[in-house]
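One structure is given here, and the rest of the page talks about it.
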2 protein chains.
Amino acid sequence: MPSGSRLQKTESLRTLSAAAATRLRADILSCALPPGERLRLDALKTQYGVGYSPLREALVQLAAEGLVELEEQRGFRVAPVSADDLTDVTRTRISIETLALREALPAGDDAWEASVVQSFHLLSRIDPVEAPRRGVNVEWSKRHREFHYALVAACKSPLLKRFWAQAYDRAERYRRLAVTYGSKPRDNLKEHEKLMKVALDRDVEKACTLCSEHIMKTHRIILYDIGKKLSIFRS
Amino acid sequence: MPSGSRLQKTESLRTLSAAAATRLRADILSCALPPGERLRLDALKTQYGVGYSPLREALVQLAAEGLVELEEQRGFRVAPVSADDLTDVTRTRISIETLALREALPAGDDAWEASVVQSFHLLSRIDPVEAPRRGVNVEWSKRHREFHYALVAACKSPLLKRFWAQAYDRAERYRRLAVTYGSKPRDNLKEHEKLMKVALDRDVEKACTLCSEHIMKTHRIILYDIGKKLSIFRS
DNA sequence: GTCAACCCGATTTTCGAAAATATCCTGTTT
DNA sequence: AAACAGGATATTTTCGAAAATCGGGTTGAC
């Protein structure tokens, strides 16, 4: 079952529509709403305590991000998973992230370096292996995203960064799905550290290589651990 | 003023929401709804003859595609234009399209070749220079998009193709804006023909080079013709 | 038994009223 | 004049009722 209570407007999410999108996105990425699950409006209405309009707007937005599928007149469902889709998402993510790195590294200034170091430090303070409790993993996920984002943040192309975010999130869902279904989070802090080092050294080629390998390694583990289980999610 | 009459459901657009998104997208790409223009719901309601819900859903979707901007509690507007944005969109489009070409060319089979030839032929039947009437240009735009899509269609990554479409559309809006404001459509059929030839020969490097140059050439012309006028659109 | 037509409950989609919020105007104070 | 408050108007956002559509089940004709 997805996350808790009634939705409210906040400072940064000033409409229920935006709040619903944020919460639904989190619930889908965490697989609290599992792949393929039908999203009935009445159920969501009760669950989140908001009306049809904000919910539909949120779902349409998530459909545009590829996290939800909409079949007209037949409703919404969480985007299904498959080995093909995982491969597509992984390869595209590698392409986009390396493109972004190529632009970011030469453009990175002191502030960029500082935020890379900072986000790496925060990442290093959580051991995803030793602390497999739910809340901790959510926090690790946040910091992991922050770290990868910090690396590409100096890239001056908003559009490329938008694509980066979409690809990252779709890949991240598979990683969380694997962890949910028993895959052990691996200790990849060393990989991140090396990646950071070569990035700060502005070694573009090495950074792209390490980044690709880092993502591919995760990909292979996920595929090995849950590749055959993916077809379960036909609900 | 944007395109005509009351919206209706059709076979392929089975909800008013989808129909509204399609029509709004067309009106934004054609610049019938100019960049920066405020999109008041009451006005759109009258214009398109549908209620608030489908309109808001369509606008949220277009916001996710980068064609509309949403400021919470202050409504929607057509995405603004700027020289920086044009450059971002162009460069990202080149990156994505060459990525897609690299995957498509080696994967292209007979059917792909056939559809490339077919779409080139259709493109060649319209001269965008001689027939600058509105309807004809819309048809040329469609065929131009079809041609470029046909080239990358053999790429097996749905996600990359989704990104391709978003980048293409955002670039296309600038081209149409330039034409609307007096830029003469140039005769680039030769460029397309060469691109097709090298693509069919599976010369990946040459195809990527030609494609990049083709896009950059359009970019330079647009920037030259309307670069300084872009700031007009602050409405 | 098969197929089509029909009906019924479940669900999505659409609508406009009502609530929430922003924006503009006007008058008042300093 | 500038700054501010109060209130009227414009606009967005949200809601649940109503309409449209889907899916499953039943009936009846062949």
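Order of the sequence lines fixes the chain letters, A, B, ..., with proteins taken first and strands second; residue numbering starts at 1 for each chain. From a predicted model like this one, the values you see are computed outputs, not experimental measurements.
For the pair B:Glu72 and A:Gly75, both in contact range of DNA chain C, the more 5′-proximal nearest nucleotide belongs to A:Gly75.
Between A:Asp42 atom CG and C:dT13 atom P the separation is 12 Å, expressed in whole Å. Taking atom CZ of B:Arg40 as the reference point, atom C1' of D:dT9 lies 13 Å away to the nearest angstrom. Between B:Glu11 atom CD and D:dT21 atom P the separation is 13 Å, expressed in whole Å. Distance, A:Leu39 CG to C:dT13 C1': 16 Å, rounded to whole Å. At whole-Å resolution of the value, CZ in A:Arg77 and P in C:dT12 are 11 Å apart. Regarding B:Glu71, its CD atom lies at a distance of 16 Å from the P atom of D:dT11, rounded to whole Å. A:Leu70 places its CG atom 10 Å from the C1' atom of C:dT12, with the value rounded to the nearest Å.
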Side-chain donor-acceptor pairs of residues 7-15 of chain A under 3.5 Å, sequence neighbours excluded:
{"from": "A:Thr10", "atom 1": "OG1", "to": "A:Ser12", "atom 2": "N", "distance (Å)": "3.4"}
{"from": "A:Thr10", "atom 1": "OG1", "to": "A:Leu13", "atom 2": "N", "distance (Å)": "3.0"}
{"from": "A:Thr15", "atom 1": "OG1", "to": "A:Ala18", "atom 2": "N", "distance (Å)": "3.1"}

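Considering only residues two or more places apart in sequence or on other chains, B:Thr90 meets the side chain to side chain contact (heavy atoms under 4.5 Å, CB included) condition with B:Leu86, B:Ile94, B:Ile215, B:Met216, B:His219. Partners of B:Tyr52 according to the ring-ring contact (aromatic ring centres under 6.0 Å, His included) rule, which considers only residues two or more places apart in sequence or in another chain, do not exist here. Scored by the ring-ring contact (aromatic ring centres under 6.0 Å, His included) test, B:Trp164 finds B:Tyr149, B:Tyr168 as partners (sequence neighbours excluded). Every residue was checked against the ring-ring contact (aromatic ring centres under 6.0 Å, His included) condition with B:Tyr224, not counting sequence neighbours, and none meets it.
In this structure, A:Ile96 and B:Ile96 have side chains that are in contact, with non-hydrogen atoms separated by less than 4.5 Å.
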Worksheet, complete the sentence: Going 5' to 3' through nucleotides 14-21 of chain C and flagging B where a protein heavy-atom sits under 4.0 Å of the base, S where only the sugar-phosphate is that close, and - otherwise, we get BBBB--SS
